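As structure tokens, the structure follows; a few thoughts come after it.
A, B, ... follow the sequence lines: proteins, then strands. Residue 1 opens every chain. Everything numeric here is computed off the predicted structure, so don't read it as measured data. What you see below is based on every heavy atom in this structure, not just the backbone, and it leaves out hydrogens, waters and symmetry mates.
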Amino acid sequence: MNGRIRVRDALAAAEAGGKILVKGWVRTVRAGKEITFLAVNDGSCMANLQVVVEPGLANYQQVSHLSTGSALVARGVLRESPAAGQRYELAAGEIQIVGTADETYPLQKKRHSFEYLRTIAHLRPRTNTFGAVFRVRSSLAQAIHRFFAERGFLYVHTPIITANDCEGAGELFRVTTLNMAKPPLDRGEVDYSGDFFAQATGLTVSGQLEGELFAQTFSDIYTFGPTFRAENSNTARHAAEFWMIEPEMAFADLLADAALAEEFLKFLCRHVLDNCTEDMNFFNDQIDNGLLQRIEAVASSSFAVMEYTEAIDHLKKATVPFAFPVEWGLDLQSEHERYITEQVVGGPVFLINYPRDIKAFYMRQNDDGRTVAAMDLLVPKVGEIIGGSQREERLDLLLERMGQLGINEEGLWWYLDSRRWGSCPHAGFGLGFERLLMYLTGMENIRDVIPFPRTPRHAEF
RNA sequence: UCCCCAAUAGCUCAGUCGGUAGAGCGGGUGGCUGUUAACCACCAUGUCCCUGGUUCGAGUCCGGGUUGGGGAGCCA
């Protein structure tokens with residue numbers, strides 16, 4: 001628009017000499033009496049366009065006094081840069097100062113801590129690191145849609161508001177229009193019959209159950225949307241609001257599920273390596289020196305598969321001390337998962353067939369009577385990154401399991417119906433988008449890969 | 001929610017044995033320079049997180065709190 005060219009395209013021009021117009025924000029100014037250099041960035045790439053300004057310019061005085069953060073429009077000739085550091089630069093013929101930034105601008109041309117930048121989340125995208133994070137985030141989201149689209153998966157929008165809290169009480173955010181100062185009571189309990197939905201509702205913790213219903217029409221589907229957990233988790237890996245990808249395939253078993261997960265993760269590794277090269281190189285240089293090597297290794301590896309029972313054997317034989325006990329029937333802790341993927345396998349590994357009693361009610365019971373068809377994909381450095389299962393398609397066994405766990409059938413009548421008519425084997429998995437992003441960028445805190453993080457006590461911006 | 005650590009200039013930090021605070025960067029001014037987080041000189045900037053206590057005297061020691069960070073659990 002208005003003939004503007006993005007910095008990314010200007011820097012990638014086939015040859016110098018063109019008259020161009022760029023619009024962006026000043027990252028640094030190196031000003032002098034005889035010449036001034038402005039580094040201009042418009043978010044299209046990490047690299048800045050060097051704008052060279054000489055005293056002949058009408059407003060040279062004002063331009064040489066610009067400071068970091070200012071917005072401007074620059075017109076001039078793209079030419080080869082005589083100095084090192086950039087191939088092209090813009091010889092300014094005209095600079096229009098659009099918006100100045102005074103000395104109170106919080107971003108300085110120096111390194112800031114991530115903790116500080118979190119307090120100015122509205123400005124941090126203007127830094128190199130967060131610019132890279134959010135470019136990769138955008139690119140990766142589009143790659144995810146492309147992956148599934150190319151394979152014939154239907155994209156389904158499952159509800160954000162739900163009355164379904166079957167995955168564990170107390171973790172839902174409540175959604176209500178009741179007067180919180182004076183809620184209607186019935187025998188001491190809040191009476192939701194007069195609430196907007198005439199029942200207790202909350203924000204979704206997973207689209208899986210609805211996703212299963214669509215899989216039994218469209219064969220292969222996926223969801224990709226916001227997910228909410230009201231848990232008081234204070235860690236670098238948890239947010240109250242995050243985005244989750246949940247594919248579901250009909251006529252698929254656990255191994256087909258694992259095969260999809262493997263293809264999916266490799267595709268995304270390859271995608272960022274091939275399409276986000278500049279930003280990935282930055283992460284490798286500045287954030288995590290082993291990043292490119294690790295992602296390249298995952299992209300070209302073949303994932304191992306290991307039974308839970310075998311993993312327990314390995315852990316029992318381990319010579320390293322663990323803080324938590326290892327026993328068949330107990331869930332694996334992060335330390336155990338990392339030992340398996342890093343020390344035993346030395347790469348990505350699917351752990352499959354977990355004890356029934358530590359897994360969710362909807363997972364398919366195996367013939368051994370004590371395990372279910374669950375899988376977790378473990379990767380070096382982070383541990384579990386994908387969790388999935390083959391679902392229990394047999395109505396009687398599903399009802400039996402729900403009964404054992406005290407799960408109310410009435411609220412899930414629609415889910416159970418899917419096992420009444422045309423039930424079929426099906427399987428799926430869930431992947432936390434931010435955790436994927438952490439894995440692929442080397443960023444170590446989930447609050448630094450989501451634009452405006454929501455965590456306990458934090459809903460600013 | 002539990003355990004551990006931290007909080008000093010706009011930012012990143014130092015501050016010895018308890019004696020009323022410094023550096024670098026950033027900012028301002030000037031100089032200089034086809035510069036690359038430019039460089040050089042000068043200048044300005046503090047609720048030492050809050051609160052109570054010990055002490056002649058607390059940034060420093062002790063109690064309580066707040067906020068942040070790391071780890072764990074929960075999980076994606």
Inter-nucleotide C1' distance (B:G64, B:G26), Å rounded:
37 Å

Pair A:Ser70, A:Trp25: side-chain N/O donor-acceptor within cut-off below 3.5 Å
no

Pick the P atom in B:C49 and in B:G15, then give their distance to the nearest Å.
15 Å

Can you find an N or O donor on one side and an acceptor on the other, under 3.5 Å apart, linking the side chain of A:Asn234 with the base of B:U1?
yes

Is there a side-chain polar atom (N or O) of A:Lys33 under 4.0 Å from OP1 or OP2 of B:C32?
yes

Separation between the P atoms of B:C25 and B:A41, rounded to whole Å
10 Å

If I pick the C1' atom on B:G68 and the same atom on B:C62, what distance separates them, to the nearest angstrom?
23 Å

B:C61 -> Watson-Crick or G-U wobble partner, both distances under 3.5 Å, gives B:G53

Nearest-angstrom distance from the residue atom CG of A:Leu11 to C1' of B:U36
14 Å

By the 4.0 Å heavy-atom rule, please label A:Ala239 as base, sugar-phosphate, or nothing.
base

Within the structure shown, what part of the strands sits under 4.0 Å from A:Ala31 by heavy-atom distance: base, sugar-phosphate, or nothing?
base

A:Thr104 near the nucleic acid: base, sugar-phosphate alone, or nothing, with a heavy-atom cut-off under 4.0 Å?
nothing

Separation of B:C75 atom P from A:Leu332 atom CG, nearest Å, is 13 Å

Quick one: is B:G73 close enough that its OP1 or OP2 comes under 4.0 Å of any side-chain N or O from A:Ser334?
yes

Looking only at side-chain atoms of A:Arg457, point me to the closest of B:G34, B:G73, B:G68.
B:G68

OP1, OP2 of B:A38 versus side-chain N and O of A:Thr28: anything below 4.0 Å?
yes

Ignoring the backbone of A:Lys109, work out which of B:G26, B:G34, B:U12 is nearest its side chain.
B:G26

If you take atom types as modelled and just measure distance, does the side chain of A:Gln108 reach the base of B:G10 with a donor-acceptor pair under 3.5 Å?
yes

Mark yes or no for a side-chain to base donor-acceptor pair under 3.5 Å between A:Glu103 and B:U45, with no hydrogen or angle criteria applied.
no

Any A:Arg30 side-chain nitrogen or oxygen under 4.0 Å from OP1 or OP2 of B:C39:
no

So for A:Ser233 and B:C75, does any side-chain atom that can act as donor or acceptor lie under 3.5 Å from a complementary atom in the base?
no

A:His112 (side chain) and B:C11 (base): donor-acceptor pair under 3.5 Å
no

What integer number of Å spans the C1' atoms of B:A6 and B:C48?
14 Å

Which of these passes ring pair (Phe, Tyr, Trp, His ring centres under 6.0 Å) with A:Phe130: A:Phe282, A:Phe283, A:Phe114?
A:Phe114

Any idea which of B:G69, B:U35, B:G73 is nearest the A:Glu115 side chain?
B:G69

Rounded P spacing from B:U1 to B:A14 in Å
30 Å

Roughly, in whole Å, what's the span from CZ in A:Arg229 to P in B:G73?
17 Å

Euclidean distance, atom OH of residue A:Tyr354 to atom P of B:C75 [Å, nearest integer]
13 Å

Can A:Asn366 and A:Arg356 be counted as having a side-chain donor-acceptor contact under 3.5 angstrom?
no

Sugar-phosphate, base or nothing in reach of A:Phe242, heavy atoms under 4.0 Å
base

Can you confirm whether the side chains of A:Asn284 and A:Asn289 place a donor and an acceptor under 3.5 Å from each other?
no

What nucleotide among B:G71, B:C75, B:A72 has an atom nearest to a side-chain atom of A:Ala236?
B:G71

Quiz item: cation-pi between A:Arg151 and A:Phe147, 6.0 Å / 45°
yes

5'-most contact on RNA chain B (nearest-nucleotide basis), A:Gln86 vs A:Ser67, goes to A:Ser67

Would you measure the distance from the P atom in B:G65 across to the matching atom in B:G27 and give it in whole Å?
41 Å

Cation-pi, A:Phe322 ring and A:Lys316 (6.0 angstrom, 45 degrees)
no

Nearest to side-chain heavy atoms of A:Gln333, which nucleotide of B:C25, B:G34, B:G73:
B:G73

In terms of heavy-atom contacts, does CD of A:Gln333 have more than 12 from other residues, nucleotides or ligands at under 6.0 Å?
yes

Does any nucleotide pair with B:C42 by Watson-Crick or G-U wobble geometry, both distances under 3.5 Å, and what is it?
B:G28

With a cut-off of under 6.0 Å to the ring centre and 45° to the axis, is A:Arg118 in cation-pi contact with A:Phe452?
no

Would you indicate which nucleotide in B:U1, B:G70, B:C74 comes nearest to any side-chain atom of A:Arg447?
B:G70

note: A:Glu444, atom CD; B:G71, atom C1'; distance rounded to Å ~ 13 Å

At 4.0 Å (heavy atoms only), tell me whether A:Ile446 reaches a base, stays on the sugar-phosphate, or touches nothing.
base

Ignoring hydrogens and angles, answer whether the base of B:G34 and the side-chain atoms of A:Arg79 contain a donor-acceptor pair closer than 3.5 Å.
yes

Looking only at side-chain atoms of A:His458, point me to the closest of B:G68, B:A72, B:A37.
B:G68

Nearest whole Å is fine: how far is B:C11 P from A:Tyr105 OH?
15 Å

Could you tell me how far B:G22 sits from B:C61 if I compare only their C1' atoms? Round to whole Å.
23 Å

With nearest nucleotide decided by heavy atoms, which residue, A:Pro456 or A:Gly387, maps closer to the 5′ end of RNA chain B?
A:Pro456

Which whole-number value in Å describes the distance from A:Phe324 CZ to B:C3 P?
14 Å

Partner of B:C48 under the Watson-Crick or G-U wobble criteria, both distances under 3.5 Å, comes out as none

Of all the heavy-atom pairs spanning A:Ala92 and A:Val53, show the shortest one and how long it is.
CB-CG2, 4.3 Å

Just how far, in rounded Å, is C1' of B:C75 from CD of A:Gln208?
14 Å

Is there a Watson-Crick or G-U wobble partner for B:U1 with both distances under 3.5 Å, and which nucleotide is it?
B:A72

